[in-house]
Amino acid sequence: SVCCTTLVAAHFRAGNRGEAERIFCLIREPSVISWNAILAGYGEAGDLQAARRIFESMRHRSAATYNAMIQAYVQHGEIEQAKAIFQTNIATANVVTWTAMIEAYAQTGHLPEAKSLFDGMSERNVVTWTVMLAASSAAGDVHLARGIFHRLPQRNVPAWNAVVQAEAQYGNFDAAEKLFDRTPCWSIVSWNTMITAYGQRGCIDQAREMVDKMPQWNVVSLTAMVAAYGQNGLVELARKTFNWMPERNIITIFSRTRR
RNA sequence: ACCAACCU
């Protein structure tokens, strides 16, 4: 049943709900962990009713149970429901729960509330810090983003990306560029952030240089490049790039052959 | 074995 639980989680992750359910039914007496796996799976699949039904039927719940339910609501924009679960079960909340609620507030444009949750936490981990930083950046609060970045105990790539984005959005391109250069290792998101930044600034050549230098592209990279051309009046190049994109809606990551 | 973070 330990293996079955792993399989249930794996099938949900791969989008095979039917197969996950079939395997779950083979478990004689599902443990809290098995129930959590199917609850989280329904949440991920967007079936909030099914998730809630499982949640209600569970006699014994763990912190992960509440977290999976809250996360399901947050991810599908049901913030009030998430808050209700959070508030009635504050005692079982752990660092994952609090971090999910920070995201919930940030997603709905309530950065100050997100910040007060963050400030009120007795324990924070890398994800907590990164979520708070990304939220400040997305909300355009460069001062908060800088403050968080400087207080960060461990700086991971998403944190660097978020602070680069915050500076670029604020119009501080030199700072963004310097931070990008200081990023210890670049992810595709790091490169995409810079393509967008250069495009906004009208630096087509530099945007193009990023595209040429990066090891692989995804739809975001090429969409950013199309936007960079478009915003700067290079309609023909924008059209050519767009037409050249292999998959326009799917998040296919494809490698390019190095020259 | 189950639950959370930047890419759409």
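Per chain, numbering begins at 1; letters A, B, ... match sequence-line order. The basis for the numbers below is simple: all heavy atoms, side chains too, and nothing from hydrogens, waters or symmetry mates.
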Interface residues of [range] with RNA chain B (non-hydrogen, below 4.0 angstrom):
range: residues 8-18 of chain A; answer: A:Arg13
range: residues 147-169 of chain A; answer: A:Asn156, A:Pro158, A:Asn161
range: residues 173-183 of chain A; answer: none
range: residues 70-83 of chain A; answer: A:Gln71, A:Gln75
range: residues 34-49 of chain A; answer: A:Asn36, A:Ala37, A:Ala40

Of all residues at least two apart in sequence or in a different chain, which pass the ring-ring contact (aromatic ring centres under 6.0 Å, His included) check with A:Phe86? A:Trp98

Among [options], which nucleotide has an atom closest to any side-chain atom of [X]?
X: A:Thr130; options: B:C3, B:C7, B:A5; value: B:A5
X: A:Thr99; options: B:C7, B:C3, B:A4; value: B:A4
X: A:Glu103; options: B:A1, B:C7, B:A5; value: B:A5
X: A:Ala64; options: B:A5, B:C2, B:C7; value: B:C2

With a 4.0 Å cut-off on heavy atoms, is A:Thr128 in touch with a base, just the backbone sugar-phosphate, or nothing at all? nothing

Indicate, with a heavy-atom threshold strictly under 4.0 Å, whether A:Ser31 touches base, sugar-phosphate, or nothing. base

Not counting sequence neighbours, which residues clear side-chain contact (heavy atoms from CB on, under 4.5 Å) with A:Thr108? List them please. A:Ile79, A:His110

On the side chain of A:Ser187, is there an atom forming a donor-acceptor pair with the base of B:C6 - under 3.5 Å, no angle test? no

For the residue pair A:Asn67 / A:Asn36, report whether a side-chain donor-acceptor contact shorter than 3.5 Å exists. no

On the 0 to 90° scale, with breaks at 30° and 60°, tag the A:Phe180-A:Trp191 ring pair as parallel, tilted or perpendicular. perpendicular

Sequence neighbours excluded, every pair satisfying salt bridge (Lys or Arg N to Asp or Glu O under 4.0 Å) that has a member inside [range]:
range: residues 173-194 of chain A; value: A:Asp174-A:Arg201
range: residues 229-244 of chain A; value: A:Glu236-A:Arg239
range: residues 156-167 of chain A; value: A:Arg146-A:Glu167
range: residues 114-141 of chain A; value: A:Lys115-A:Asp119

For residues A:Arg155 and A:Trp129, determine if any side-chain heavy atom of one lies less than 4.5 Å from a side-chain heavy atom of the other. no

Considering only heavy atoms from C-beta outward, does the side chain of A:Cys185 approach that of A:Val157 to under 4.5 Å? yes

To the nearest angstrom, how far is [X] atom [atom1] from [N] atom [atom2]?
X: A:Met210; N: B:C7; atom1: CE; atom2: P; value: 20 Å
X: A:Ile188; N: B:C6; atom1: CD1; atom2: P; value: 15 Å
X: A:Glu29; N: B:C2; atom1: CD; atom2: P; value: 21 Å
X: A:Ile27; N: B:C2; atom1: CD1; atom2: C1'; value: 11 Å
X: A:Trp191; N: B:C6; atom1: CH2; atom2: P; value: 22 Å
X: A:Leu222; N: B:U8; atom1: CG; atom2: P; value: 14 Å

Going by an N to O cut-off under 4.0 Å, is there a salt bridge joining A:Arg53 and A:Glu56? no

So for atom CZ, which belongs to A:Phe173, do other residues, nucleotides or ligands contribute more than 12 heavy atoms lying within a distance under 6.0 Å? yes

Distance-minimising heavy-atom pair for A:Ala197 and A:Ala168: CB-CB, 3.7 Å

Span that lies between the P atom of B:A4 and that of B:U8, in whole angstrom: 16 Å

Would you measure the distance from the C1' atom in B:C3 across to the matching atom in B:C7 and give it in whole Å? 22 Å

So CE of A:Met69 and CE of A:Met58: to nearest 0.5 Å the spacing works out to 11.0 Å

Nearest 0.5 Å, what's the OG1-CG distance between A:Thr128 and A:Leu133? 12.5 Å

Partner set under side-chain hydrogen bond (donor to acceptor under 3.5 Å, both in side chains) for A:Ser190, not counting sequence neighbours: A:Asn161, A:Ser187

